[in-house]
Structure formats: C-alpha cells, structure tokens
Chemist: 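Here it is: the structure, laid out below.
All figures in this text were calculated on a predicted structure; none of them were measured in a lab. Here is the naming used below: chain letters follow the sequence lines, and residue numbers restart at 1 for every chain.
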Amino acid sequence: MSLPMAHNHRFCAPAANPPPETNERSFVKLRRIHTRGYLNLDHQFDDAAGEAVFDATIAAGEKVEPRDWMPEGYRQTLIRQIAQHAHSEVIGMQPEGNWISRAPTLQRKAILIAKVQDEAGHGLYLYSAAETLGISRDELVNMLHNGKQKYSSIFNYPTLSWADMGAIGWLVDSAAIVNQIALQRASYGPYSRAMVRICKEESFHARQGYSIMLALSRGTEVQREMMQDSINRWWWPSLMMFGPPDAESVHTAQSMAWGIKQYTNDELRQEFINQTVPQAQYLGATLPDPELRFDEVTQDWLIGQIDWEEFWAVVKGNGPLNRERIAHKVRAWEDNAWVREAATAYAAKQAARRVEVSA
Amino acid sequence: MTYEIPELEGEERAVATGEAVGEWPLWEVFVRAKRGLNHVHVGSVHAADAETAIQNARDTYTRRSEGVSVWVVPSALIHASDDSAAMFEPFEDKPYRHPTFYEIPDEVGQL
C-alpha cells in the first residue's frame, strides 16, 4: 500500500491517556476466572508501573498482549472497535447469502458459499480477539441484538441483482482490505493477528468480485447495464465505509496515539479511490460522480461531495435495511436455540457417562 | 469489512463485565501446519465438548488447508506466567550461553 508514510503519526502530539476510571474497572478480566485461565491474574498491577510499561510498549511499536496492564480507555476503545468489526462480518453474510440460491453457475455458487463461510470465520476470529479483553461472547451477541453495538452501515443496503455480488466483492471488500491492511499493524496483539489472517483471505473476496464484474462487462448490453446500475448504487456507500472526514473524526487522534489506527479516514479513503478508479475504467464503467477528476500535482483522483446526511441517517438506524438485518439475525439465533441446548445436553450426558465408567 | 462506526452523541458505551450465562465453554485452538512442525496457538472457539470444539476449530481455522492436526484445550485450564514481574530477567545478563559470545580465531576453522 503506498500511503503517505511521510506523515508519521506516531510523532504527532499524542492526546494524554485518560487515567483508569476506577481500579475495579481496570480489572474486568479478574472476574472471568472460569472462562479463560490465562487471563486470570493472581497479582494486582501497580497502575503507575503498568502505565509506564504500556507507554514504552506503544512507543517502541511493540504489541500489547491480553495480560498486560492497559488504560481503561484503550480497553474500551478496542472492545468497541473489534466488536463492531466482528458484527460487521456476521451481518455481512446476509446481503450475499441472499444470492447463493440464485448464482448463475454452479462454480459461482460454490465460490459465493466459500466467501460467506469466510465472513463467518472472520467474525469468529474477531470475537475471539475481543474476548481476550474481558468481554464474553454472550455479551457481544446480546449487544448486537439489542443495538448497543453497531456494525458497518454498508450492510444496510439491499442486494438487488447478481451484479451486486460483484460490486460487494470488488468495492466493499477492497475498501475493507485497505482498512484492514493498515490494521494489521494495530498495537493490540490479538487484533493485529486476526487482521493478518483476515487479509490473507480477503484478497480472494475482492478478486472473485472483480471477476464477476469482468464477466458482466464482457456480456450483453443488459448485463453491462446491470453492472453499471450496481456500481451506481455501491460506489458512494463504499466511500462512506471509511467514516467521517478527518476534521469531524473525534477519536482518530487518540486511536493513533494508542497505535490502534495508523492512518486517518481520509488517507485510507483516498488510497481506495486511487486504486479503484483505473479498475472501473478497465471495466468500461462510469463512476457516478461528475466531479471525479485527476489531480496532476498530487497524483490523486479527487471526488465530489459525499452525502454525509445519508451516512448519518444510516448510522442512526434509518438505512434501507437496518431493522431487517437485526431482525433476521435475532430470528436465526432464536430458531437455533434448540441446537445449542441439545449440544450442551449431549456434552453433559457424555461427561456423566465417562465419570460412571471411570468409577 | 469495516468497523469504524462513529460514536453518536449520547451513545451509551457498552460496559464489559465478562458475565456469561448461556455460552458454550471456551477452548484454545492449536494447529499443526504440517508434519514436522509444532502445534501453534491460533485463537479460540466455543463448543459444548471437545469433539465439537475440534470440528469448530477445523471449520474456523483450517478452511484453506492451514493444518494437518488440531488440539483444543479448555481455556480455563491454562495457567500463565506473571509477565509483569521479573520472571525472565535472570537470563538477560548471561550472553555467555550463546555461541557468539566466544571469539574463535579463523584459523581454527569449523567449531
């Protein structure tokens, strides 16, 4: 990725780390004694010493690991971000799952199933990472279901044609890759490692999407129109995936000081635009922005105004499908309750039998 | 996918308590990438028992043939060192345990 490395944000004045609100909150993980043995601590951290080690770790560009002392704000920011990321992967299965039964060939169908399975896997890597911060899977699932934690707004848009499978893979997953490549360097070890794993798999997603678009671009007039219509609908929401402009991005400075983010929203968005415009040109497609132009000085493709009103409306829950997505997720969870209960009952029965045999 | 959903005014920050009511137990997953290599920790899965934990670990961590063998261990059974203490400090001042500590004349040849 050719991001402007000259602005090295590590050397921007870091915002002061907020002190832990209370000691009790800092040791959430202590209460998880029966869930994750290696997180149990039989010692109390000295806050001052812990903070010094944390600051030195961040300054050296090294990773923070689950058992380390960390500022409460760092922990909460990571829980929020990793949970949103995990929920996005999980909800992201719905728009694509919508087309599995209508894929145009058996091969495209097998590929789409594999991709949707990957999204489930990505969600699980991320839940696993979030759980190292002292939040339980139960809590994460509940907070998605009751709306206390969000997922990416991009999944609140409908998939109206087969071309949308191409647009999601090519545009949405490429945008995700730009973001996730940067996050591979995030300062929290488990998050960074999940990103490395995800990035390896994500390029398959982007390429299979572009391959769908290529096939349509070489097809009939109707197929080319289907492709163009899909691009018209997904281009702007894909650009919105990077979040509000830097000037309005209140947490960016703190996240950068903590090494969670490496680049600003606008930097990442520009990177995505620059790589995507030539790809659209190759398809013979038009990006729906009359103001799109190349700046010879900066060598950047410049875009017109993003409709931030639409962005905020979707974030606030008023996108085309916000309610349907969550309702579907909750329904699936409730319909599958019997599977979870049956597996638990079976495990208990087997364990009891083992005790009997060994007695 | 993307995750940076901006905080809305008045948004309630979810507070993690770690409380778990109905979830299946947690298992740490170790994968052997190929014969001749150690099993390496890759993450965790939830499952009701060891058998389904292995199935879930396979589906989650080896979809592209990343493994030829999987171990799962109940997460609660793992004990860890106190990394904040000077646990490993005694080894930091003993460079003579490494072969490179010793200067051997070139004439001596392979040693």
Chemist: Could you have a look at A:D118, A:V53, A:V141 and say which one has the most heavy-atom pairs with chain B under 4.5 angstrom?
Modeler: A:D118

Chemist: Is it the side chain or the backbone of B:V42 that comes within 4.5 Å of chain A heavy atoms, both, or neither?
Modeler: both

Chemist: Can you name the closest pair of heavy atoms from B:I5 and A:Q84 and give their distance?
Modeler: N-OE1, 3.4 Å

Chemist: With chain A as the partner chain, list the residues of residues 99-111 of chain B whose heavy atoms fall under 4.5 Å from it, by residue number, and write 'none' if nothing qualifies.
Modeler: none

Chemist: Taking all non-hydrogen atoms of both residues into account, name the closest pair between B:W24 and A:V339 and its distance.
Modeler: CZ2-O, 4.3 Å

Chemist: Does a side-chain heavy-atom distance below 4.5 Å link B:H41 with A:R193?
Modeler: no

Chemist: Given a strict heavy-atom distance threshold of 4.5 Å, which part of A:E201 is in contact with chain B: side chain, backbone, both, or neither?
Modeler: both

Chemist: For chain A, which residues of residues 55-72 of chain B have at least one non-hydrogen atom nearer than 4.5 Å to it?
Modeler: B:T60, B:Y61, B:R63, B:R64, B:E66

Chemist: Tell me which of these, A:Q149, A:R340, A:K148, A:M143, has more heavy-atom pairs under 4.5 Å with chain B than the rest.
Modeler: A:R340

Chemist: Minimum heavy-atom separation for A:D138 and B:E23, please, with both atom names.
Modeler: N-OE1, 2.9 Å

Chemist: Quick one: closest heavy-atom pair of A:R80 and B:E7, and the distance?
Modeler: NH2-CA, 3.3 Å

Chemist: Using a 4.5 Å cut-off on heavy atoms from C-beta on, say whether the side chain of B:L8 contacts that of A:V315.
Modeler: yes

Chemist: If you look at every heavy atom in B:D49 and A:Y346, which pair is closest and at what distance?
Modeler: OD2-CD2, 3.9 Å

Chemist: Side chain, backbone, both or neither: which part of A:K200 has a non-hydrogen atom closer than 4.5 Å to chain B?
Modeler: neither

Chemist: Where do B:S44 and A:S128 come nearest, in terms of heavy atoms and distance?
Modeler: OG-OG, 2.8 Å

